[in-house]
Amino acid sequence: MVAITLPDGSVREYDGAVSGADIAASIGPGLAKAAVIVKIDGVARDLAHLVDCDAAVEIVTRDSDAGLALLRHDCAHVLAQAVQELFPGTQITFGPAIEDGFYYDFHRKEPFSPDDFAAIEERMAQIVDRDETIIREVWTRADATRFFEEAGETFKAEHVAGLPDGVEITLYRQGDWIDLCTGPHLPSTGRLGKSFKLMKLAGAYWRGDPAKPQLQRVYGTCWRTDKELRAYLHRLEEAEKRDHRRLGREMDLFHIQEEAVGSIFWHPKGWTLYRTCETYMRRRLEAGGYDEVKTPQLIDRGLWERSGHWEKFREHMFTVDDEHDRVLALKPMNCPGHVQIFRQGITSYRDLPIRMAEFGSCHRNEPSGALHGLMRVRAFTQDDAHIFCTEDQIVSETKRFCDLLMSIYRDFGFEDVVVKFSDRPEIRTGEDAVWDRAERALVEATDAAGLPYTLNPGEGAFYGPKLEFVLRDTIGREWQCGTLQVDFVLPERLDASYIGEDGAKHRPVMLHRAILGSFERFIGVLIEHYAGRLPLWLAPVQVVVATITSDGDEYAREVAAACKAASLRIECDLRNEKINYKVREHSLAKVPVILVVGRREADERSVAMRRLGGKKQEIVALDDALARLAAEAAMPG
RNA sequence: GCCGCCGUAGCUCAGGGGUAGAGCGCGCCCUUGGUAAGGGCGAGGUCCACAGUUCAAUUCUGUGCGGCGGCACCA
């Protein structure tokens, strides 16, 4: 007898060894049909896997997240089979499920083209129609290696050879096609369904290593039903509409052109948004006890050598020569400059902590392939600051920073912040005892700030542990903006010191920190987060006054002047166009408030106030409208 | 940087070895209207750059530059 315990706690007994499929069928035909794999004592297995002793069994259905991930993995296999049937000589490598779909990396001399997708998809559908049974087989390492070598599958052979001793080597067979895989898989290809679509082609390195051969990666998406697939494709279209590069053009915020790749031409409206962010940050930093400074753009190579950047960061630095052949570098970071200010005069322990802030314009020669709109640029401005403090002050300064950061994120409309804690990397400087203290202090401070965090093991900077603050936008994408890094190394390298209570020289600790990260990137995130519909205080044009007929021109000018006097950013639309047209145009331009004025409004000194996205308008007395808008447009903080 | 795709009007895109096309936008005119596109006329192009093939190249080939999507990178 085999006793099977189901997730609801009920126990079923069977005469002998029983498969997951049998168990599902014994519970009900609906479950049998929806079942994709089973979990036996928590371990994922094929439905055909026989359970021969008492166990806890969970039937995983296609409706679950795990079930969907399985479908995607199977879809990758079906893709690989289709490709090998259509393009003999193509080698298979890996093909995992990923968010929203899957990919498979192939090796083939000739490039694939998106034009091949239709034929591949058709063949995939045929493989699903064939309903090939998927069979798990356990092979010896020698057999598997020989098999893949003889098949010309050098990547698979290499992978088998590299598997650790003692692991079970399993191959999955579907029809004539076979792949090395740990599984589990569907019982047959027919269970996959056809709600999949090949999406794009890309290059990828074998084992992620640029020194190794380049593979061709085919991305696909796969869902349970056609309805889900359509919904996903629709979601992609919506995401494209909030792409900051597109909105940047549509809203006339900025542009980039090929004579200045990686740098931003800010247009008046975009620069207004930028300056609003800057003014807000300056205010928050001042209130937060920071002193603002400005340090040189061009600094002699010697300082970068001393700071360690010349060694670690050389290929990202732009340099120029002066007439004495002296090499100057455009600063990629502000820290060495800040240390120079710190070093002027003598600092007492009584002066610490010193919080030195700079809206630091930096240049980094990013690889061309990394550039991406505002998100990844070569010229950017950080809301940078360095806190010079004692080791004892790390906790309180970190907590203080976390509080400021969360408060600022909230003002910008971000509530969902992921904190990642990166601890010591393999290659690092500094004694372990110092790392112990630094990591402990960071953890303690993060806890004190009440921030839950995830661990990023070994991802810290070489000089110290760090916190990364990742914003999640309205459609769930993550953007790393803020950071806090504990640094014991730079004060040493650049010989920063303070006089302690004991009258002796001591090294300060430096906390490198940023909240927005860079203005450019943060504005990109803001645009995408709000899909261009910025809150009133950030909107470059807050109010448009639009007339219905030219009779209203005079009153409209008066309204506009009153708005301006109330410090609202306003445009006045007196054009000879219909009100429908004006409303549509300013709505598409994402202007938050339209004040429509016609005869009636002029007579009663009111405005018809229309909110972006709203269906109705509200007649408000002019003075009330001004008071309300001015209050709403006030900068937070 | 690597792989693939792409580069035609301000924008979105069609076209194709021999006077360059559409919609939107822009300008002018008509229209003075009540909350997401009123009508007419018109202007606007080094078809990314350079080289090659050709009687002839925006179109074909090569190289470069740039964009997009990934990969790698993100100190």
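Order of the sequence lines fixes the chain letters, A, B, ..., with proteins taken first and strands second; residue numbering starts at 1 for each chain.
Taking atom P in both G38(B) and C71(B), the straight-line distance is 45 Å, to the nearest Å. C5(B) sits 25 Å from G23(B) when the C1' atoms are compared, rounded to a whole Å. Between the C1' atoms of A57(B) and U8(B), the separation comes to 14 Å (whole Å). For the P atoms, the distance linking G25(B) with G66(B) amounts to 34 Å, nearest Å. Comparing the P positions of G52(B) and U59(B) gives an interatomic distance of 14 Å, to the nearest angstrom.
The residue Ile256(A) sits apart from the nucleic acid: no heavy atom pair falls under 4.0 Å.
Residues from residues 609-622 of chain A with heavy atoms under 4.0 angstrom of RNA chain B, sorted by number: Arg610(A), Gln617(A).
Using a cutoff of 4.0 Å between basic side-chain nitrogens and carboxylate oxygens, Arg507(A) and Asp495(A) are scored as salt-bridged. Under the 4.0 Å criterion applied to side-chain N and carboxylate O atoms, Arg605(A) and Glu558(A) are assigned as salt-bridge partners. We find that Glu585(A) and Lys582(A) are not joined by a salt bridge, their nearest charged nitrogen and carboxylate oxygen being 4.0 Å or further apart. Under the 4.0 Å criterion applied to side-chain N and carboxylate O atoms, Arg207(A) and Asp209(A) are not assigned as salt-bridge partners. Under the 4.0 Å criterion applied to side-chain N and carboxylate O atoms, Arg628(A) and Glu632(A) are not assigned as salt-bridge partners. Taking the charged nitrogens against the carboxylate oxygens, Lys156(A) and Asp179(A) do have a contact shorter than 4.0 Å, which makes a salt bridge.
Atom-to-atom, NE2 of His316(A) to P of C73(B) comes out at 11 Å; the value is rounded to the nearest Å. Remark: P of C74(B) and CD of Gln382(A) are 16 Å apart, rounded to the nearest angstrom. Atom-to-atom, CZ of Arg376(A) to C1' of C68(B) comes out at 17 Å; the value is rounded to the nearest Å. Look at CZ on Arg521(A): it is 9 Å from C1' on C74(B), rounded to the nearest Å. Residue Leu588(A) contributes atom CG, which lies 7 Å from atom C1' of A36(B) at whole-angstrom precision. Computed from coordinates, the Met251(A) CE to G25(B) P distance equals 19 Å when rounded to whole Å. If you take CG of Asp252(A) and P of G25(B), they are 16 Å apart, rounded to a whole angstrom. Straight-line distance from the CD atom of Glu577(A) to the P atom of C24(B): 14 Å, rounded to whole Å.
Annotation: salt bridge (Lys or Arg N to Asp or Glu O under 4.0 Å) contacts involving residues 95-106 of chain A, sequence neighbours excluded, comprise Asp100(A)-Arg235(A), Asp105(A)-Arg217(A). The salt bridge (Lys or Arg N to Asp or Glu O under 4.0 Å) pairs that include a residue from residues 591-602 of chain A are Asp551(A)-Arg599(A), where partners are two or more places apart or lie in different chains. Evaluation of the salt bridge (Lys or Arg N to Asp or Glu O under 4.0 Å) test over residues 256-273 of chain A, restricted to residues two or more places apart or in two chains, returns Lys269(A)-Glu571(A).
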- Contact state string [nucleotides 3-12 of chain B, B base, S sugar-phosphate only, - no protein heavy atom under 4.0 Å]: BS------SS

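Secondary structure note: stems in RNA chain B built from 3 or more consecutive Watson-Crick or G-U wobble pairs under 3.5 Å occupy B:1-7 with B:65-71, B:10-13 with B:21-24, B:26-30 with B:38-42, B:48-52 with B:60-64.
Here the rule is side chain to side chain contact (heavy atoms under 4.5 Å, CB included) with Tyr463(A), and of Val489(A), Val486(A), Leu490(A) only Val489(A) fits it.
U19(B) adopts a syn glycosidic conformation, its chi angle falling within 90° of 0.
One cannot find a donor-acceptor pair under 3.5 Å joining the base of C68(B) and the side-chain atoms of Arg245(A). Judged by distance alone with a 3.5 Å cut-off, a donor-acceptor contact links the side chain of Tyr205(A) to the base of G1(B).
Side-chain contact of Thr295(A) with Glu358(A): a donor-acceptor pair under 3.5 Å is present, judged by distance alone. In summary, the side chains of Glu158(A) and Trp206(A) do present a donor paired with an acceptor at a separation below 3.5 Å, with no hydrogens or angles considered.
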